[in-house]
Amino acid sequence: MSIQLYNTLSGKKEPFVPLHPGKVRFYACGPTVYNLFHLGNGRMFVAFDTIRRYLEYRGYQVDYVQNFTDVDDKIIQRANADGTGVREIANRYIEEYFRDADALGIKRATVHPRATESIPEIIRFIGDLVTTGYAYVRGSNVYFDTSAFPGYGKLSHRSVEDMRSGFRIDVNEEKQDPADFALWKAAKPGEESWPSPWGEGRPGWHIECSVMSSKYLGDEIDIHAGGQDLIFPHHENEIAQSEAHSGHQFVHYWLHNGPLNINGEKMSKSLGNFIMTRDLLLNRPARVIRFFLLSAHYRHPLNYTDEGLEQAVQGMERIDRCLRNLEFRQAALHPGLEFSQRVGDDGTHAQQRADGVRSEFVAAMDDDFNTADAIAAIFEGVRLANTDLEDARVGLASTQAWLNLLRELLSILGLHEPELAAQSVSSADIEAMIAQREAARKRRDFAAADKLRQDLENQGVILEDTLQGTRWFRK
RNA sequence: GGCGCCAUAGCCAAGUGGCAAGGCAGAGGUCUGCAAAACCUUUAACCCCGGUUCGAAUCCGGGUGGCGCCUCCA
């Protein structure tokens, strides 16, 4: 069974067949670097990073390109507001992007191109469109002529007629048609600009993605991804430019993620409900945030609430505890310990069930990257592993099968091992106190034993008694 | 006005023609000196009205409610 994915272009789920067997050319729209990225951006980055990871897991070699839009009105505004230069703003927020993205477990792209690094290619591309009659020049502005491209509207499934009837399109005297859009914008005084055949100016928004996509991946690629709100006009315009330019199909599969809402409403500055990913990262483990973002299907709306995030904390902890408990069992089985004498378990049964869980996980992910179902499969693995742990005879082979499975599946989702908390007590001190407590318990001095446990808990160390001895972890 | 999406238990969220996953929260039990962890059992759901069908949460039509895009917002 192959991977099925929902293609915005066709409006259907389709089997994924790459242009070149075993290889995937994947372009994901990146941030405009004028600020930290908000949780909606974070959702998009995590969603497509996860899809990329899964494609790699399924054996594809993925060339993943994610751009930085580093020339834009908002960057200029920010630079003016801060009294600094646009390059400084862009560089700063590219750095900040990596800080948050790395924390969220988002893999670095194969290439992270910046629009300003492709100005000559952009100018050439626009020049070609002018030459072939797809674009027209008005002073130092260049516009794309949408009426020259018959397929215009095929991605967003609307016609130019529909758009004309909409009264919200600004009428720009220079444009031949309200649906036309800028490829090259004449420089305004004081703005960063580049020389071009049409005069000083800078690229329009849409052209950079078309150019960088073809520059790094070729003019026909497998996947192009972004938020649903980019379908129109951004991606529609990219198709028009790229296909007018190349004369053939630009992208085979268009993937779009759903919106992230806050308490049921769209994030907006006027509502004051903007959530920066950074702010969440300061208060919660990054993997909990990632887990939360993956808890719904990527195409569906995801509603952020404090309670929802709290539920993600609990869910993530259930998985982490299972890993910890499996690891403790293995430590307790260490050769030389009395307990290991009693173990007889070749792990076959656990391995079979682990394989079954893996199959469920893969089936879920094959079905348009259904991470919610995939996470359900992980929980099934957790339950089965915990059930095994209930049996004192279950030993190294079984626990290893479960650990291997859970680590494998978590890593596909980019949810790696728990982070180590700050350490206020050394492991040796903890072990010593556990030994003291054990002695107190042996002489049935439970008051002393409980005090030791409480002392450790006050320092963030939790003790749990098991048949194999006392296990501990830092909270 | 045009285009489109969504509605499943207290909460989150899969499923999309054949006995309604999973997580969180709740209840009971087992284990334990106690606690924790864990396991077992359990409570509880397909917005409304029509239609198609042997059979609909799932398909079609109509409502109601919520949301998105049509503004260089992911």
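Sequence lines set the chain letters: A, B, ... in the order given, protein chains first and strands last, and positions in each chain run from 1.
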Query raised in the report: Now, which nucleotide makes the Watson-Crick or G-U wobble pair with B/A57, with each of the two distances under 3.5 Å?
Result: none
**Report entry** Integer angstrom distance from the P of B/A57 to that of B/G50
**Finding:** 14 Å
Query raised in the report: If you measure from the P atom in B/A21 to the same atom in B/U43, how many Å do you get, rounded?
Result: 13 Å
Requested in this report: Please find out if less than 6.0 Å separates the ring center of A/Tyr93 from that of A/Tyr34.
Outcome: no
Query raised in the report: Going by modelled atom types, is there a donor-acceptor pair between the base of B/A37 and the side chain of A/Arg324 at under 3.5 Å?
Result: no
Report task. Could you tell me whether the side chain of A/Asp102 reaches within less than 4.5 Å of the side chain of A/Arg108, counting heavy atoms only? Result -> yes
Short N/O separations, protein against nucleotides 21-28 of chain B, under 3.5 angstrom:
{"residue": "B/G23", "atom": "N2", "partner": "A/Gln311", "partner atom": "OE1", "Å": "2.9"}

Query raised in the report: What is the nucleic acid contact for A/His38, judged by heavy atoms within less than 4.0 Å: base, sugar-phosphate only, or nothing?
Result: base
Query raised in the report: How would you label the contact of A/Ile378 with the nucleic acid (heavy atoms, under 4.0 Å): base, sugar-phosphate, or nothing?
Result: nothing
Query - Candidates B/C67, B/A38, B/A74 - which lies nearest the side chain of A/Asn261 - result: B/C67
Report task. Specify the separation, in whole Å, of atom CZ of A/Arg471 and atom P of B/A37. Result -> 10 Å
Requested in this report: Please list, chain by chain and in numerical order, all residues satisfying ring pair (Phe, Tyr, Trp, His ring centres under 6.0 Å) with A/Tyr64, sequence neighbours excluded.
Outcome: A/Phe26
Report task. Take atom CG of A/Asn303 and atom P of B/G68, then tell me their distance rounded to the nearest Å. Result -> 11 Å
Report summary line: So the salt bridge (Lys or Arg N to Asp or Glu O under 4.0 Å) pairs with at least one residue in residues 27-52 of chain A (sequence neighbours excluded) are A/Asp49-A/Arg53, A/Asp49-A/Arg290, A/Arg52-A/Glu56
Query raised in the report: If we take the C1' atom in both B/C19 and B/G23, what is their distance in whole Å?
Result: 23 Å
Report summary line: Taking a pair to mean Watson-Crick or G-U wobble geometry with both distances below 3.5 Å, B/A38 pairs with B/U30
Query - N or O in side chain of A/Asn325 less than 4.0 angstrom from B/A37 OP1/OP2 - result: no
**Report entry** Gap in Å between the two C1' atoms, one belonging to B/C3 and one to B/A9, rounded
**Finding:** 34 Å
**Report entry** Whole-Å distance separating the CD atom of A/Gln454 from the P atom of B/C34
**Finding:** 18 Å
Query - Atom-pair distance (CG on A/Asn257; P on B/A74), nearest Å - result: 11 Å
Report task. Give one of base, sugar-phosphate or nothing for A/Gly226, where a contact means two heavy atoms less than 4.0 Å apart. Result -> sugar-phosphate
Query raised in the report: Mapping A/Arg202 and A/Arg299 to their closest nucleotides on RNA chain B, which lands nearer the 5' end?
Result: A/Arg299
Requested in this report: Name the nucleic acid region contacted by A/Leu230, choosing base, sugar-phosphate or nothing; use a 4.0 angstrom heavy-atom cut-off, strictly under.
Outcome: sugar-phosphate
Query raised in the report: Does a side-chain N or O from A/Asn370 land closer than 4.0 Å to OP1 or OP2 of B/G15, or not?
Result: yes
Query raised in the report: Distance between the C1' atoms of B/C67 and B/C47, in whole angstroms?
Result: 16 Å
Query raised in the report: Distance-only, no hydrogens or angles: does the A/Asp180 side chain make a donor-acceptor pair with backbone N or O of A/Thr146 under 3.5 Å?
Result: yes
Report task. Could you tell me the separation between the CE atom of A/Met276 and the P atom of B/A74, rounded to a whole number of Å? Result -> 10 Å
Query raised in the report: In whole Å, what is the span from the CG atom of A/Asn386 to the P atom of B/C40?
Result: 9 Å
Query raised in the report: B/A27 and B/G17: how far apart are their P atoms, nearest whole angstrom?
Result: 38 Å
Query raised in the report: Looking only at atom C1', what distance separates B/U64 and B/U53, rounded to whole Å?
Result: 26 Å
Query - Results of side-chain contact (heavy atoms from CB on, under 4.5 Å) for A/Arg138 - residues two or more places apart only - result: A/Tyr136, A/Tyr143, A/Glu174, A/Gln176
**Report entry** Nucleotide nearest A/Asp367 (side chain, heavy atoms from C-beta), chosen from B/G15, B/A14, B/G33
**Finding:** B/G15
Query raised in the report: With sugar-phosphate meaning primed atoms plus P, OP1 and OP2, does A/Gly258 contact a base, only sugar-phosphate, or nothing at under 4.0 Å between heavy atoms?
Result: base
Report summary line: Taken in chain and number order and not counting sequence neighbours, the residues that satisfy salt bridge (charged side-chain N to carboxylate O under 4.0 Å, His left out) with A/Glu317 are A/Arg321
Query raised in the report: Do any side-chain nitrogens or oxygens of A/His234 fall under 4.0 Å of OP1 or OP2 in B/C69?
Result: no
Query raised in the report: Do the side chain of A/Asp465 and the base of B/C34 come within less than 3.5 angstrom through a donor-acceptor pair of N or O atoms?
Result: yes
Query raised in the report: With both distances kept under 3.5 Å, what pairs with B/U64, Watson-Crick or G-U wobble?
Result: B/A7
Query raised in the report: So which nucleotide does B/C19 pair with, by the Watson-Crick or G-U wobble rule with both distances under 3.5 Å?
Result: none
Query - Nucleotide forming a Watson-Crick or wobble pair with B/A13, both distances under 3.5 Å - result: none
Query - Assigned partner base of B/C69, Watson-Crick or wobble definition, under 3.5 Å - result: B/G2
Report task. Could you list the residues that satisfy salt bridge (charged side-chain N to carboxylate O under 4.0 Å, His left out) with A/Glu200, not counting sequence neighbours? Result -> none
Query raised in the report: Considering heavy-atom distances to RNA chain B, does A/Gly227 or A/Phe473 have its closest nucleotide positioned more toward the 5' end?
Result: A/Phe473
Report summary line: Rounded to the nearest 0.5 Å, the OG atom of A/Ser140 sits from the CH2 atom of A/Trp184 at a distance of 10.0 Å
**Report entry** Check ion pair A/Arg78-A/Asp72 (N to O, under 4.0 angstrom)
**Finding:** no
Report task. Determine the contact category for A/His297: base if any of its heavy atoms lies under 4.0 Å from a base atom, sugar-phosphate if only primed atoms, P, OP1 or OP2 are that close, otherwise nothing. Result -> sugar-phosphate
Requested in this report: Could you give the distance separating B/A44 and B/C39 at their P atoms, to the nearest angstrom?
Outcome: 22 Å
Query - Whole-Å gap separating P (B/C67) and NZ (A/Lys266) - result: 12 Å
Requested in this report: Give the rounded distance in Å between these two atoms: OH of A/Tyr6 and P of B/G4.
Outcome: 11 Å
